[in-house]
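Within every chain, numbering begins at 1; the chains are lettered A, B, ... in the order of the sequence lines, protein sequences first and strands thereafter.
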Amino acid sequence: MAITEKITNTMKPTFWEGHIPVNYVYTYGHAGEKFFRAIKDKGTFLATYCSACDISYVPPKIYCDRCFTKLDRYIDVGTRGFIETFTVSFMNMDGSRKERPRILAMIRIVGTDGGLIHYIEGIGPDEIALGMPVQAVFKPKGKRTGAIDDIIGFGPVTRGRK
Amino acid sequence: MTERVAIVGIGTTGFRPITPDVSYRELIFEAARKAYTDAGIEPSEIDGFITAAEDFLEGYSIADEYCPDQIGAVLKPTHTVPGDFLQAMATGFMMVKTGAFRTVAVEAHSKASNMKNISELIGFAMDPIYNRPLRETPHAISALEMTRYLFETCTTPDQCAQVVSKNMGNAMHNPYAAFGAEIESGDVLNSEPVSLPLHRLDIAQHADGAVVVVLADEATARALTDVPIWVEGIGWCTDTPTLEMRDWGEAAYARLAADMAYRMAGITNPVAEIDFAEICDEYSYKELQHMEALRFCMPGEAAHLLETGVTAIDGELPINVSGGALGVGHLFEASGAHKILELVEQLRGEAGTRQIPDVAVGLAQTWRGVPTATGAVAILSNL
Ligand SMILES: [Zn+2]
């Protein structure tokens with residue numbers, strides 16, 4: 001297929017190796033800041049709600065992507081959800097095997113149309129099922145920074161807490 | 001407005017796991033030279049040029065500025081579409097439809113072997129605030145979708161593995177394909193788990209290669225060739241990028257893209273009116289999920305069509321006779337281009353040992369890959 005066959009020694013291919021040093025900050029915006037502040041300060045999740053479409057957004061957005069109206073109604077939707085889907089993840093980004101497989105899940109937050117993608121903790125791969133109720137487990141309040149990793153994962157529902 | 005748009009020329013390098021002897025621009029030059037020879041036209045006679053490319057995959061900022069030379073487009077109207085080839089072809093189709101361009105060349109390529117950390121590169125496409133900090137691979141996101149699809153449709157991992165067996169087997173008959181193999185579904189299920197239910201062999205491997213297509217209006221097409229391949233319909237669609245708000249079982253982007261293409265082509269009963277299809281199988285389950293989205297069957301019925309041989313090369317609706325992405329290789333933005341290549345060869349009767357007899361209408365469908373929910377569909381005919 002090549003136009004010219006230039007390489008005779010496969011151990012010495014001809015190339016220049018480059019890399020792209022790119023650094024960004026990603027601003028949370030109004031909705032993101034409210035969402036992460038609620039996690040950090042109160043250990044709970046906020047949704048925005050569109051009454052015209054009867055859709056609630058987790059993570060919250062300041063607009064409804066169906067009817068395109070601006071949303072400013074934030075609702076505390078608690079920390080419980082259902083396992084919408086899950087996977088047992090064996091591979092790291094660099095292609096190496098994880099030391100221990102992790103269960104990654106999409107958790108639909110109760111009473112909302114959204115949710116979060118996060119780890120399942122305290123439930124084994126053989127015990128897990130779609131539709132299973134789970135509840136967010138947070139880092140201790142003093143260690144939270146207002147980021148997605150303030151959530152350790154989602155685990156079995158315990159009595160009492162919402 | 002011109003009535004019909006045809007493909008009058010096509011050229012490719014074929015697809016290989018690595019191409020250390022050539023630069024990506026040399027790959028493209030080879031495909032372009034072949035396409036223009038096939039069309040019987042010189043690039044100086046072509047009115048417009050489009051490349052499908054995305055900066056981060058190319059390793060350039062403003063990669064479009066590096067596109068003109070190798071397709072003969074220096075000092076000509078040219079631009080880049082950062083999407084799948086089918087989206088770029090849709091743009092070329094519209095340019096010809098305006099009547100302002102008699103001919104347009106559309107190019108797409110993959111130089112995946114130049115990318116040293118593909119998972120990181122694709123992972124960079126995920127939401128930086130909600131998803132990226134988890135450091136999970138793009139395959140894990142697909143595995144989430146696969147689990148939900150299997151659950152909603154009562155499909156099994158073994159049935160998905162049979163897609164791999166069919167497509168890698170088909171690729172044995174395709175001289176362009178990089179990953180032809182005779183394997184059983186058990187081999188797939190016994191390959192290493194990547195992110196269950198996905199195993200290593202459920203996932204298409206990347207390949208290098210380029211494809212160039214020449215589009216023309218009807219009068220120009222009839223003057224250039226005896227076998228114009230007509231673009232009867234084309235459609236595209238994108239769902240929300242917010243993974244958390246998506247429907248995880250159904251490929252709505254493919255359903256709506258297909259509906260747009262069907263409307264344009266006047267197709268009301270796809271399974272009766274389409275003779276064969278090349279559809280996205282970047283992950284094994286995707287072929288089945290996309291068959292349902294394309295309305296080839298009801299949700300949950302795709303695996304049955306596969307198991308009863310309907311989608312085999314000698315079946316009533318052959319799917320991925322080329323070998324698909326699983327057999328040919330995953331080509332990033334050139335994915336749609338390889339599907340159009342197969343459609344054109346089949347509709348011209350030039351597909352060699354994998355030729356399907358008496359085909360008149362073919363469908364190509366692509367998905368832009370994790371974490372996108374972008375799909376495109378094109379319908380071609382030789383009538
Ligand atoms: Zn709304």
Side-chain angles (χ1 to χ4, degrees), chain A residues 1-7 10 13-15 17-20 22 24-29 32 35-36 55 57-59 61 65-66 83-95 97 101-109 112-119 125 129-131 147-149, chain B residues 12-16 18-23 26-27 29-30 33 56 59-61 114 116-120 123-124 127-137 139-149 151-152 176 192-198 208-209 240 242-246 248-249:
Chain A
M1 107 186 210
I3 303 160
T4 51
E5 295 289 343
K6 285 176 283 201
I7 292 175
T10 53
T14 51
F15 56 74
E17 187 168 345
H19 76 290
I20 309 175
V22 182
Y24 269 87
V25 293
Y26 297 94
T27 46
Y28 283 171
F35 183 72
F36 287 112
I55 289 176
Y57 290 88
V58 182
K61 299 181 181 183
D65 59 36
R66 315 291 160 95
I83 295 175
E84 173 94 354
T85 184
F86 71 96
T87 177
V88 187
S89 170
F90 286 77
M91 207 173 85
N92 291 316
M93 271 289 192
D94 64 0
R97 312 295 288 176
R102 302 286 305 270
I103 302 176
L104 185 75
M106 161 67 203
I107 295 105
R108 193 71 73 195
I109 300 299
T112 78
D113 298 284
L116 289 167
I117 293 171
H118 222 293
Y119 293 111
L130 299 200
I148 200 72
D149 64 3
Chain B
T12 187
T13 55
F15 311 104
R16 298 274 182 84
I18 57 169
T19 49
D21 50 336
V22 283
S23 73
E26 291 166 346
L27 269 179
F29 172 73
E30 180 184 341
R33 190 65 266 165
F56 269 94
Y60 289 75
S61 168
N114 277 8
K116 291 199 71 181
N117 42 6
I118 286 178
S119 278
E120 291 278 8
F124 200 59
D127 184 282
I129 295 168
Y130 293 97
N131 305 142
R132 254 192 253 164
L134 297 181
R135 303 278 305 149
E136 284 296 329
T137 65
H139 299 321
I141 302 300
S142 269
L144 289 176
E145 189 183 61
M146 181 176 181
T147 301
R148 189 72 200 179
Y149 170 74
F151 172 78
E152 288 185 6
Y176 298 136
E192 310 88 89
V194 171
S195 197
L196 289 175
L198 277 178
D208 294 354
T240 173
T242 310
L243 298 176
E244 293 83 354
M245 292 298 295
R246 277 189 198 160
W248 283 84

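When only modelled atom types and interatomic distance are considered, A/Thr87 and B/Ser195 share a side-chain donor-acceptor pair under 3.5 Å.
In this structure, the side chains of B/Thr13 and B/Asp208 stay at 4.5 Å or more apart for every pair of heavy atoms. For the pair B/Leu243 and B/Tyr130, the minimum side-chain heavy-atom distance is 4.5 Å or more. Residues B/Pro133 and A/Asp149 fail the side-chain proximity criterion, which asks for heavy atoms closer than 4.5 Å. For the pair A/Thr112/A/Tyr57, no side-chain contact is recorded, criterion being any heavy-atom separation below 4.5 Å from C-beta on. At a threshold of 4.5 Å between non-hydrogen side-chain atoms, the residues B/Asp127 and B/Glu244 do not count as touching.
Of the atoms belonging to A/Ile20, it is side-chain heavy atoms, and not backbone ones, that fall under 4.5 Å from chain B. Proximity to chain B (any heavy atom under 4.5 Å) is shown, for A/Ile109, by neither the backbone nor the side chain. Contacts of A/Ala147 with chain B are absent, with no heavy-atom separation under 4.5 Å from either backbone or side chain. Interface remark: B/Asn131 contributes side-chain atoms only to the contact with chain A (heavy atom separation under 4.5 Å). Proximity to chain B (any heavy atom under 4.5 Å) is shown, for A/His118, by both the backbone and the side chain. Contact annotation for B/Thr240: only side-chain heavy atoms (C-beta onward) come within less than 4.5 Å of a heavy atom of chain A. Using a 4.5 Å cut-off between heavy atoms, A/Leu104 touches chain B through backbone and side chain atoms alike. At a 4.5 Å heavy-atom cutoff, the contact between A/Phe35 and chain B is made by side-chain atoms alone. When heavy atoms are compared at a cutoff of 4.5 Å, A/Asp94 does not approach chain B at all. Using a 4.5 Å cut-off between heavy atoms, B/Arg246 contacts chain A through its backbone alone, with no side-chain atom that close. Proximity to chain B (any heavy atom under 4.5 Å) is restricted, for A/Tyr119, to the side chain, taken from C-beta onward.
In this view, A/Pro101 and A/Val88, A/Phe90 satisfy the side chain to side chain contact (heavy atoms under 4.5 Å, CB included) rule, not counting sequence neighbours. Here A/Tyr26 pairs with A/Tyr24, B/Phe124, B/Pro128, B/Ile129, B/Arg132 under the side chain to side chain contact (heavy atoms under 4.5 Å, CB included) rule; sequence neighbours left out.
The choice from A/Met93, A/Arg102, A/Arg108 that makes the most heavy-atom pairs within less than 4.5 Å of chain B is A/Met93. Note: B/Pro193 leads B/Gly123, B/Pro193, B/Ala143 in heavy-atom pairs under 4.5 Å with chain A. Across B/Glu192, B/Glu120, B/Met245, the residue that shares the most heavy-atom pairs under 4.5 angstrom with chain A is B/Met245. Chain B forms more heavy-atom pairs under 4.5 Å with one residue of A/Gly114, A/Gly115, A/Pro59 than with any other, namely A/Pro59.
Of the charged side-chain nitrogens involved, at least one lies within less than 4.0 Å of a carboxylate oxygen, so that A/Glu17 and B/Lys116 count as a salt-bridged pair.
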*Could you walk me through whether A/Lys61 and B/Thr242 pass side chain to side chain contact (heavy atoms under 4.5 Å, CB included), step by step?*
CA-CA 10 Å; A/Lys61 299 181 181 183; B/Thr242 310; 2.8 Å; yes

